Amino acid sequence: MPSRMPDQTNAPPPSGTRIRPVPRTGALRLSPGQERLWFLDGLHGDGTEYLVWLRMRLRGPWDPAVFARAVTAVVGRHEVLRTRYRDSDGEPVQVVDPPGPADVTVVDLTGGADATTRAAALLDTAAGRPFDLRREHPLRVMVVRLAPTEHLVGLTLHHIAADAWSCDVLLRDLDHAYRALAAGRPVPAPPAVQYADVAAWQRARREAAGAAGIGYWRDQLAGLEPVLLPTDRPRGSRRDPSGDMLAVDVPRHVARLVAAAGERHGTTAFMTLLAAFQVLLAHRTGRTDIAVGMPAAGRDVPETEDLIGFFVNTLVLRTDLAGEPSFAEVLDRVRTTVLAALVHNDVPFEDVVAAVRPRRDPARNPLFEIMFQVLHTAETPGTIGGATVWPLPMNATDAKFDLVFTVCRTAAGDLRCVLEYAGGLFDRTTMLRLAEDYVALLERSTREPQAPAVRPAPAPGAPAVPASAAVPPAPDPAAPAGPVEQVVAGIWSRVLGIDDIAADDDFFDLGGHSLLVARVRTALRQTFAVDLPLQVLFEATSVAGLAAVVTAAVRADVSRLSDSQVQDLLSRAAREGTR
């Protein structure tokens, strides 16, 4: 069974790393990473961008009924698989339910016409159904029986409860539970530490780190503009989640050159592959300031290795490629960048975004639109209960970023490039050419590491602005006008801890971020009895703009009232909200 464990260098474990169980009597807060996913789930509504899919073909003697019991046993073993998430006064909290039957659907198509086609359609439908995190547990399973010794299995998880490493843990635990149940033995006991304990530990570590780690990232990413590849179609005002994927194999002789380059220059395979990718982006964009996202496993203490949960933290790897460096020099720069990022990898990505304060755009992700990762894959299939497991590819994908460029690496050193990209922006031929150019660049750079590697096109010089065209000084900020603007400003003031908020102030420019948006939404609901979608709050970022949205929502809800009655209702709500 393929492993999905990241193959980059691990960070040193932090001091004071012991994770201890926390009481289940009070509110269980989410981990920092979960909080961001909770916000994104609310922002995108019924989207499927943050689902994790596993699809497998099982061959051999195998009993779906025993497997369903094994799923229930594993869900009982890992609290995070039976956890729901609810809003508590603007703060998301975990609700851990007691063990019970898992969501497993078994369909028998044995002997039916077009059974394989029908099975694929059933699995596609199950994979495309989003989760309601408030009411549903974040795992559902479908088993389709094609023959007594052949089954298709699809597992769908929400990212808030699982990452790539978790998938390996889940499959291993399913195998162990199946074998134990089939043999009449007790299933393995639950681990002493659960994900809710990890979430509390991560929050405590975040508070203990203070401003030191944040300071590094604020300096490292100051002035960063996301790297954007030239697109085949214009970018819309909203993110288009439609995506596609393709794979390109790296010739074995090129993979051997990559391994040799790492030995010669003292870099890991991840660093060497990343260096070539950042050089490729410099060639494509004409820039020398190249930053990409990287998922860090986030499992740097022993208690986390066998847990299912969302541990991944996102790091931004920013490399300066100015000065026409050779590939050997690029490797040195990339090594320095990666090691420094890993030293500071305990700072949650959402805290980095809040500290750097990048320009907000509903159609783009903050700080980067291109993700790069190296995953280790096994060369032999795994088993579940004695049946041989063959992974099946998903036919489609939702695009969380413009591009996720993954290099899959086997234990023997073979390489394969997998590109998941925004189908609304790029043609398949464009992405195929990008992958082929990457392979060619890998070969050329590792063969001739002393040759100049980066020769981006010079950026056109900006014309000087004549004195007569100088921007006039900005007018003095206008105070909030009317009761609704005043109460919105008051809510912002309490949430942000800032006085004297003007009508045109931008929530994110003042230091707002995703979780604070949720608190504003809760306060508006309590004050005006309107339930605004998170997307609206993300777009109406000024006091005046948000007040106009609130007013329109109240008018739509009480359309049978006169204008004067509506205004009186808004004024009374505003007065109540300021008490």
Side-chain angles (χ1 to χ4, degrees), residues 4-11 163-165 220-221 224-229 243 245-248 250 254-255 258 261-262 267-285 287-298 312-321 327 330-331 333-342 345 349 352 364-377 397 399-409 415-422 425-426 430-442 445-446 453-454:
R4 297 161 186 82
M5 296 184 181
D7 194 32
Q8 53 263 16
T9 305
N10 288 325
D163 52 22
W165 189 307
Q220 175 69 8
L221 304 180
L224 175 64
E225 285 294 327
V227 177
L228 300 176
L229 288 167
M245 63 189 305
L246 62 85
V248 172
V250 177
V254 177
V258 170
T267 56
T268 64
F270 173 79
M271 294 173 184
T272 305
L273 294 164
L274 171 64
F277 185 67
Q278 291 192 311
V279 169
L280 178 67
L281 293 181
H283 291 171
R284 278 289 195 277
T285 63
R287 292 179 47 169
T288 56
D289 183 7
I290 303 295
V292 299
M294 178 194 83
V312 172
N313 191 25
T314 301
L315 308 181
V316 183
L317 304 178
R318 184 182 192 180
T319 307
D320 180 7
L321 299 180
F327 189 66
V330 172
L331 286 173
R333 298 182 190 185
V334 166
R335 184 197 302 108
T336 300
T337 297
V338 171
L339 293 178
L342 289 172
N345 80 334
F349 178 70
V352 174
R364 299 182 184 180
N365 287 292
L367 299 179
F368 68 90
E369 275 292 354
I370 300 172
M371 176 82 81
F372 182 84
Q373 60 183 345
V374 176
L375 299 181
H376 176 76
T377 60
T397 182
K400 295 185 283 290
F401 303 96
D402 285 4
L403 172 64
V404 177
F405 197 104
T406 303
V407 181
C408 298
R409 183 169 180 262
L415 303 175
R416 190 180 207 208
C417 302
V418 179
L419 285 69
E420 301 173 64
Y421 59 92
L425 296 177
F426 303 104
T430 300
M431 291 292 103
L432 180 60
R433 192 160 52 245
L434 184 77
E436 291 172 342
D437 287 351
Y438 175 69
V439 174
L441 178 62
L442 261 183
S445 300
T446 51
V454 183

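Just so we're clear, the structure is a prediction, and the values are computed from it rather than from any experiment. Side chains are part of it too, since the values below use all heavy atoms of this structure and drop only hydrogens, waters and symmetry mates. Position 1 is the first residue of the sequence, and the numbers go up from there.
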What is the minimum heavy-atom distance between Tyr421 and Leu419, and which atoms define it?
-> CD2-O, 3.9 Å
Taking Glu369 for the side chain and Leu228 for the main chain, is one N or O donor matched with an acceptor at less than 3.5 Å?
-> no
Under 4.5 Å between any side-chain heavy atoms of Leu229 and Leu434, yes or no?
-> yes
Taking the side chain from Gln278 and the backbone from Val334, do they hold a donor-acceptor pair closer than 3.5 Å?
-> no
Using modelled atom types only, decide if a donor and an acceptor are shared between the side chain of Asp437 and the backbone of Leu280 within a distance under 3.5 Å.
-> no
For Leu331 and Ala275, the nearest pair of non-hydrogen atoms, with its separation, is CD2-CB, 3.7 Å
Return the minimal non-hydrogen interatomic distance between Ala291 and Leu224, and the atom names on each side.
-> CB-CD1, 3.7 Å
Check whether any side-chain heavy atom of Phe405 sits under 4.5 Å from a side-chain heavy atom of Val292, and report yes or no.
-> no
Between the side chain of Asn313 and the main-chain N/O of Asn345, is any donor-acceptor distance below 3.5 Å?
-> yes
Non-hydrogen atoms of Val330 and Val279 that approach each other most closely = CG1-CG2, 4.0 Å
Identify the two heavy atoms, one from Leu315 and one from Ala341, that lie closest to each other, and give their separation to 0.1 Å.
-> CD1-O, 3.9 Å
4.5 Å side-chain heavy-atom contact, Val407 and Phe270 | no
Could you tell me whether the side chain of Gln220 reaches within less than 4.5 Å of the side chain of Val316, counting heavy atoms only?
-> no
Quick one: are Thr285 and Ile290 in side-chain contact, heavy atoms under 4.5 Å?
-> yes
What are the two closest heavy atoms between Arg335 and Thr267, and how far apart are they?
-> NH2-CG2, 3.6 Å
Mind checking side chain to side chain donor-acceptor pair (under 3.5 Å) for Asp289 and listing every partner two or more places apart, or none if nothing turns up?
-> Arg318
So, Tyr438 side chain and Leu273 main chain: donor-acceptor pair closer than 3.5 Å or not?
-> yes
